2 protein chains.
Amino acid sequence: MTTTIEDVAQAAGVSTATVSRALRGLPNVAPSTRDHVRQVAEALNYAIDSHASRLASGRSTTIGIVMPLADQWFYNRVSTSAEAVLSAGGYDVLRYSIAAPEEQTEALRRLISGKRVDGVLIINLALANADVSLMAEGTLPVVTIETDTGKFPAIGCNNVAAAQTATRHLINLGHRQIGLISGLPDDPMHFAIPLEREQGYRQALAEHGIEVRPELNVPGNFSFAGGAEAMAQLLSIHHPPTGVFALSDEMAIGALKTIRDVGLRVPEDISVIGFDDHDVAAYVGLTTIRQPVAGYGEQAARLLLARLSGEKAAGESRIELPTQLIVRDTTGPCREKGE
Amino acid sequence: MTTTIEDVAQAAGVSTATVSRALRGLPNVAPSTRDHVRQVAEALNYAIDSHASRLASGRSTTIGIVMPLADQWFYNRVSTSAEAVLSAGGYDVLRYSIAAPEEQTEALRRLISGKRVDGVLIINLALANADVSLMAEGTLPVVTIETDTGKFPAIGCNNVAAAQTATRHLINLGHRQIGLISGLPDDPMHFAIPLEREQGYRQALAEHGIEVRPELNVPGNFSFAGGAEAMAQLLSIHHPPTGVFALSDEMAIGALKTIRDVGLRVPEDISVIGFDDHDVAAYVGLTTIRQPVAGYGEQAARLLLARLSGEKAAGESRIELPTQLIVRDTTGPCREKGE
DNA sequence: TTGTACGCGTTATCAG
DNA sequence: CTGATAACGCGTACAA
């Protein structure tokens, strides 16, 4: 059978209470006793039963990460960097990947009401009011990334401003017909990011008196393939754009391929700017908006750890990390004659 | 406070036993009773305490995924695809990312002996004998991906043969000086994959009577940056290679940048082939060896699910999924005059 | 410094 | 079909 704390206690000739104290490094244990218990536990290959421990203590030293089920670079990078600091902080991580909106509330309930975890990290999810209040009524620390609730600390960037910067870059290069490769038209997950960035795009256009042409806004689903298809669509319309802003680097790279496949050159014929500064961006020379993706995960995890170690919540707060325009080789001056 | 099964029982006017049965869909509950209990539970916002449940039942409906802490595309893709099927199968996933070898045994102990999970999925880890026997002595189902133990089912590909195919492709194009961009020279994690692929490379060379030049084998650390640096090193040696085999697409793409940065053309001056068929590979025209990465995760998860639902273990088995040479634009005939 | 004994919230067994 | 109750393994007052 499995060895319990009782077994260790007997083998070591002490009580279970002493074993518990010794193994967890609590005070009030004679050094010699502690050493002895440790050796016996080691010899018996004893490991604390985390579930029993949680039941008795109320703490599970586990935190839940809830995020969309997608294998985009962004999610992986955020999650991985968060995991690294949580793990270093002594916490295990339970990962909930949400594939459809219906799962979301269910997963949160299991996590929150089920007392599975000591804290929750939410990455880029559109939380229903019910979800938010469910989490708000408890005492469980919650930190969010690119997810605005008005209740929990939120890490992210200023997507509107960043998108504005991207669009302005194109405008400053002389482009006036600017395509936008975005998310999904009727996105079931209701992601906020595409909306915010679209707004930044429109603001930049507006401040330069450029008319918004709806047919220049096409969905790309945040994937390489989606970006490629979107670009094909952009190329097929009457007055195709001379500059394109893709809301993610993946989509931008997809678009680049389509452009080159039809024999057009970048940036001579068409300029392309992405968003993220994906690991690969530098290697394909993609101009983009860099956002500190790993920073999101690390900061959020640290914030959670701080809360967990008793630090007072500073109320709802929004931490915006800086973004930066990285000019590489896919954007250049507009060569099209004005009309 | 938090609502317990007791609260629900009282509110519903039944015993806790009945609540438990009703909520879990067990037989021997009157339909009317079940409905009533469900409504009361819903109204009270009750959720089963998973830790208490596990303690009483012995099952946690959680599976652990243990993998290296790295944000390479491969790991994310494998893990995500596994998570998707595990989640659909009703299991939660606890993700352990191992940053250093020392953590590995510790993490496994916590997982196995700590009875945290009902099953374990191991991705690309070099398991010490102690680790293996620790897991083998229990009854916990274990499935591995790209990890050979001789004890547990292993999903993966034939890395030797696949690497041989890649190298032969270069040889068939007339290349004789073939560089290899590999892992780390004294990799602390002792990954087996680079070794296997290096062997395939050497075999292909041998079967064509091509001499192995040690200086043609440079480390690339499986990253874009590492690949770029490795390529710079390859370019700096006396007789630089005319063809390069990078053990991952990330490294291959890094190498491509270095080549183009120094004014050389691909594939006219140098051919490059990668490994993985990374999402981005098609978009940069990279010739590569495709391996069914998502398939690894899905198959492993399904295998685990089958074991969990009582299916007999078929003993140690090794499932090799097919790889495929995908020729794109980065490999071409060797133009160098023979010497 | 160490030991005793109870409680944590469920599940499972066994009566009824 | 339903209810009482004994585990499950550990943490923690409290007592010694």
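Order of the sequence lines fixes the chain letters, A, B, ..., with proteins taken first and strands second; residue numbering starts at 1 for each chain. Quick caveat: nothing in here was measured; it's all calculated off a predicted structure. Keep in mind that the numbers below use all heavy atoms, side chains included, and drop hydrogens, waters and symmetry copies.
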Report the C-alpha distance between B:Gln104 and B:Val66 in whole Å, list the side-chain angles of each, state the deciding distance to 0.1 Å, and finish with yes or no for side chain to side chain contact (heavy atoms under 4.5 Å, CB included).
-> CA-CA 9 Å; B:Gln104 189 166 305; B:Val66 191; 5.7 Å; no

Nearest-angstrom distance from the residue atom NE2 of B:His36 to P of D:dC1 | 18 Å

Are the side chain of B:Lys115 and the backbone N or O of B:Ser113 linked by a donor-acceptor pair below 3.5 Å?
-> yes

note: A:Arg54, atom CZ; D:dG11, atom C1'; distance rounded to Å ~ 12 Å

Check the pair B:Asn76 / B:Thr80 against side-chain hydrogen bond (donor to acceptor under 3.5 Å, both in side chains), numbers first and verdict last.
-> CA-CA 6 Å; B:Asn76 182 45; B:Thr80 301; 3.2 Å; yes

Are A:Ser53 and A:Arg59 close enough that a side-chain donor and a side-chain acceptor fall under 3.5 Å?
-> no

Please check if the side chain of A:Ser133 supplies one atom and the backbone of A:Ala130 the other of a donor-acceptor pair under 3.5 Å.
-> yes

In whole angstroms, how far is the C1' atom of C:dC8 from the CG atom of A:Leu55?
-> 4 Å

Just how far, in rounded Å, is C1' of D:dG9 from CZ of B:Arg110?
-> 18 Å

Does C:dG3 have OP1 or OP2 sitting under 4.0 Å from an N or O in the side chain of A:Thr18?
-> yes

Rounded to the nearest Å, what distance is computed from the CZ atom of residue A:Arg24 to the C1' atom of nucleotide C:dT2?
-> 15 Å

Give one of base, sugar-phosphate or nothing for B:Ala47, where a contact means two heavy atoms less than 4.0 Å apart.
-> sugar-phosphate

Tell me whether the OP1 or OP2 atom of C:dC8 has a side-chain N or O from A:Arg59 closer than 4.0 Å.
-> no

Nearest to the side chain of A:Asn28 - C:dG3, C:dT2, D:dG11?
-> C:dT2

Send over the distance from B:Arg116 CZ to D:dG9 P, rounded to a whole Å.
-> 16 Å

Closer than 4.0 Å, any side-chain N/O of A:Thr16 to the OP1 or OP2 of C:dG3?
-> no

For the residue pair B:Glu6 and B:Thr16, confirm or rule out a side-chain donor-acceptor distance under 3.5 Å.
-> no

Counting side-chain heavy atoms from C-beta on, which of C:dT2, D:dT2, C:dT11 comes nearest to A:Val29?
-> C:dT2

Euclidean distance, atom NE2 of residue A:His51 to atom P of C:dT11 [Å, nearest integer] = 13 Å

Residue pair A:Arg34/B:Leu26 against DNA chain C: nearer the 5' end by closest nucleotide is A:Arg34

Examine C:dT4: is either OP1 or OP2 under 4.0 Å from a nitrogen or oxygen in the side chain of A:Ser15? Give yes or no.
-> no

Looking at the side chain of A:Thr33, which of D:dA4, C:dT2, D:dA7 is the nearest nucleotide?
-> C:dT2

Once you round it to whole Å, what is the distance between P of C:dT10 and NZ of B:Lys115?
-> 21 Å

Kindly say whether, by distance alone, the side chain of B:Arg21 makes a donor-acceptor pair under 3.5 Å with the base of D:dG3?
-> yes

For C:dT11, does OP1 or OP2 lie under 4.0 Å from any side-chain N or O of B:Ser20?
-> yes

Nearest listed nucleotide, side chain of B:Thr4, among D:dT12, D:dG3, C:dT10 | C:dT10

Nearest-nucleotide pick for A:Ser57, side chain only, options being D:dG9, C:dT10, D:dG11 | D:dG11

Counting side-chain heavy atoms from CB outward, which of D:dT12, C:dT11, C:dA12 is closest to B:Ala17?
-> C:dA12

Side-chain N,O (B:Ser53) to OP1/OP2 (C:dT11) below 4.0 Å = yes

